[in-house]
Amino acid sequence: MKMKNSSTGEKKELRTIGSKQYTDESFEVLRHSASHLLAHAVLELFPGTKTGIGPAVENGFYYDFLREEPFTPEDLSAIERKMQELSLNDIPIEKVVIPREEAIHIFAQTEQDLKIELIKEKGYIEVTCFRQGSFIDFCLGPHVPSTGHIKHFKLLSVSGAYWKGDENGMQLQRIYGTVFFSKKELEDYLSLLEEAKKRDHRKLGTEMDLFSFHENLGGGLILWHPKGAAVRRVIENYWYEEHYKEGYDVLYTPHIAKLDVWRRSGHTEFYDAMYPPIKSDGIEYELKPMNCPFHIMVFSSRQRSYRELPLRFAELGTVYRYERSGVLHGLLRTRGFTQDDAHIFCRADQLEEEIRRAISLALKMLKVFGFSDYDVFLSTRPEKYCGDVEDWNKATKALEKALRSEKVAFKVDEGEGVFYGPKIDIKVKDALQRFWQCTTIQLDFNLAERFDLSYIGEDGKFHRPFLIHRALLGSLERFFGILIEHYNGNFPLWLAPIQAIIIPIADRHNKYAMSLDNAFKQNNLRSTVDIRREKIGYKIRDAEIQKIPLILIVGDKEVKQETASLRIHSVGDKGQVNVNEFLEKVKNLIQNRSLTVNI
RNA sequence: GCCAGUGUAGCUCAGUGGUAGAGCAACUGAUUCGUAAUCAGUAGGUCGAGGGUUCGACUCCCUCUGCUGGCUCCA
């Protein structure tokens with residue numbers, strides 16, 4: 001699951017941007033042509049550079065280059081200017097089909113070794129190339145008719161990338177850019193990037209005092225501050241509540257286990273994100289990267305009857321994974337995180353219904369958190385798999401039927417399942433139209449077999465249950481990060497770390513303010529009071545910056561009438577309210593987990 | 001882990017080899033105030049860490065470390 005880059009999921013349907021309609025195909029052509037323009041410019045400015053591949057990607061394009069010196073930010077601007085120049089020259093782009101040997105000869109003249117390698121790999125008799133002026137590239141196309149069609153682009157970054165994605169191979173320099181049909185679209189996209197930067201959860205997390213990282217603590221390890229922890233607790237309580245209603249049993253399991261457990265599960269062999277074992281009394285223990293074996297051990301702690309199934313074991317299980325230093329990213333990619341995990345053990349005849357219930361629960365919870373747009377993917381059997389084909393087919397069918405009975409539109413990712421079973425993934429769309437994967441519901445044939453799971457059937461014989469592994473929010477850390485960015489820190493009332501702040505105008509109002517604060521606390525509101533000797537404008541500004549949903553101002557008028565003046569965050573002054581009525585309304589909004597404050 | 005960039009006060013950032021700076025936040029004092037910043041003062045830094053070059057290093061070089069953008073992988 002990719003969070004950062006490819007998080008903005010693909011949209012295959014026709015989409016409307018601005019006043020024109022473009023198919024994804026036309027975007028792809030433009031982006032791909034822009035990548036050629038980039039390569040053209042680079043070769044003009046830096047002769048001798050070897051070109052790798054340069055495809056269109058989501059939101060833009062890139063091109064990989066092999067060159068001794070690194071490209072600097074200044075180089076990037078120079079390249080962009082050269083691209084502009086080439087665009088103004090409106091050079092025709094022509095398709096040329098040439099015999100393989102001749103093509104190799106052409107690329108040999110300019111020492112484009114990487115291109116030759118690609119041509120040789122393909123084994124075509126004739127090679128399709130595209131030529132624009134002095135630049136020729138081995139490529140199937142299609143492309144825009146001339147460079148003049150590529151006008152509105154921007155180079156965004158340069159980074160390392162492995163040749164053919166092979167970590168042990170050579171590393172190329174990849175230049176990323178984006179391109180659009182109109183200036184406005186480009187500007188809109190760039191301002192979207194700006195907006196995303198502004199609401200980056202790492203920035204807001206510091207500003208709002210939600211969580212922190214500490215250099216001496218270790219990379220990817222989170223310190224949840226009081227306000228962040230308050231939000232987490234609300235999420236957890238809600239999660240437990242829904243799981244209780246859905247017939248889950250909650251477990252607690254340890255953070256370490258003997259290495260043998262992980263040998264049996266196959267993790268030591270197939271999973272590369274485990275921390276090195278801890279040796280104690282000659283026994284090797286391992287920090288848990290997953291919760292599954294523990295839940296399985298609970299299942300296997302005694303003989304199970306078919307009558308008990310389905311068993312749904314849930315746990316907010318904190319796991320530790322050694323993620324490579326370069327991939328850590330705020331709350332979205334950490335080394336210690338808490339999965340909202342559950343394992344469902346069921347019979348074949350229950351499989352479809354259990355999957356359906358899991359999907360339904362996921363969508364219900366996501367909606368409560370404010371995500372009602374999503375993409376759903378069904379991934380089927382990959383080439384390398386374990387278990388038997390019949391089980392795979394049965395299970396895949398069940399997943400599909402479950403999706404249909406929930407009336408969920410989905411896309412099939414053929415062969416994209418994990419080796420141990422088919423799965424359903426749900427990606428939610430946030431306020432900036434970015435997609436984030438949260439839910440994953442996976443069948444697991446591997447562990448069921450490795451731990452020899454069984455129950456006694458109606459026939460008195462042993463049967464193997466189906467094992468469903470599922471995380472609905474994904475991980476609390478990542479989900480919190482997504483929430484912060486989705487709401488730009490303006491949490492809905494029920495989630496807000498501080499729900500109400502009472503601001504007395506002068507010292508003589510402190511007592512009344514504190515009594516309100518206390519009354520709110522008695523009613524389970526997360527409330528606070530600001531008795532600093534500051535002007536009201538200052539305290540209001542401070543409360544607004546803290547993004548506190550409800551601001552109550554009390555002065556002479558309010559004390560006398562036993563009211564408060566309500567100000568709603570980013571809405572403004574709502575005038576005086578009766579305290580008891582207000583409290584009832586607020587409690588109601590919180591109880592209903594309302595996403596808007598309407599008082 | 002790899003490529004590139006980056007690290008100065010709690011936060012945002014100045015400071016190109018010669019005694020470490022600003023704004024905000026914090027603290028102290030005055031102000032008792034009606035819907036997004038009252039005024040004055042104080043304190044706060046081994047300039048990420050270690051080594052080197054130099055009469056002298058925040059500044060130049062090396063190593064390590066954190067962070068950022070990617071690659072690869074992932075909840």
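A9(B) and C71(B) have their C1' atoms separated by 36 Å, given to the nearest Å. Across the P atoms, U42(B) and G23(B) are found 12 Å apart, a figure rounded to whole Å. Distance check on atom C1': A49(B) versus A57(B) gives 16 Å, rounded to whole Å.
Residue Tyr176(A) is classed as a sugar-phosphate contact, given heavy-atom separations below 4.0 Å to backbone atoms only. Contact annotation for Gly326(A): base contact, defined as any heavy-atom pair under 4.0 Å involving a base atom. As judged by a 4.0 angstrom heavy-atom cut-off over every strand, Asp340(A) is placed among residues making no nucleic acid contact. Across all strands shown, Tyr322(A) has heavy atoms under 4.0 Å from sugar-phosphate atoms exclusively, and none from any base. At the heavy-atom level, Ile503(A) lies nowhere under 4.0 Å from the strands shown.
Contact check, His329(A) against G69(B): a side-chain N or O comes under 4.0 Å of OP1 or OP2. Taking only side-chain nitrogens and oxygens, Arg67(A) never comes nearer than 4.0 Å to OP1 or OP2 of A4(B). At C73(B), none of the side-chain N or O atoms of Arg321(A) fall inside 4.0 Å of OP1 or OP2 (strictly under the cut-off). Taking only side-chain nitrogens and oxygens, Ser159(A) never comes nearer than 4.0 Å to OP1 or OP2 of G69(B). OP1 or OP2 of U72(B) has not a single side-chain nitrogen or oxygen of Arg174(A) nearer than 4.0 Å. In terms of phosphate contacts, Arg567(A) brings a side-chain nitrogen or oxygen within less than 4.0 Å of OP1 or OP2 of A36(B). The side chain of Arg202(A) contributes an N or O atom lying less than 4.0 Å from OP1 or OP2 of U68(B). In terms of phosphate contacts, Tyr538(A) brings a side-chain nitrogen or oxygen within less than 4.0 Å of OP1 or OP2 of A25(B).
Put simply, the side chain of Asp375(A) does not reach to within 4.5 Å of the side chain of Lys411(A), judged on heavy atoms. Side-chain contact between Ser325(A) and Arg335(A): present, with at least one pair of heavy atoms (C-beta onward) separated by less than 4.5 Å. Counting heavy atoms from C-beta on, the side chains of Phe369(A) and Ile235(A) come closer than 4.5 Å.
Taking the six-membered ring where tryptophan is involved, the planes of His255(A) and Tyr320(A) are tilted, since the angle between them lies from 30° to 60°. Between Trp262(A) and Phe294(A), the ring planes lie perpendicular to each other; the angle is over 60°, past the 30° to 60° tilted range.
The NZ-P distance, from Lys427(A) to C74(B), rounds to 13 Å in whole Å. Nucleotide U35(B) holds its C1' atom 6 Å from the CG atom of Asp573(A), rounded to whole Å.
Ring stacking is absent between Phe71(A) and A4(B), as the pair misses the limits of under 5.5 Å between centres and under 30 degrees between planes.
Remark: the Tyr162(A) side chain and the G1(B) base include a donor-acceptor N/O pair separated by less than 3.5 Å.
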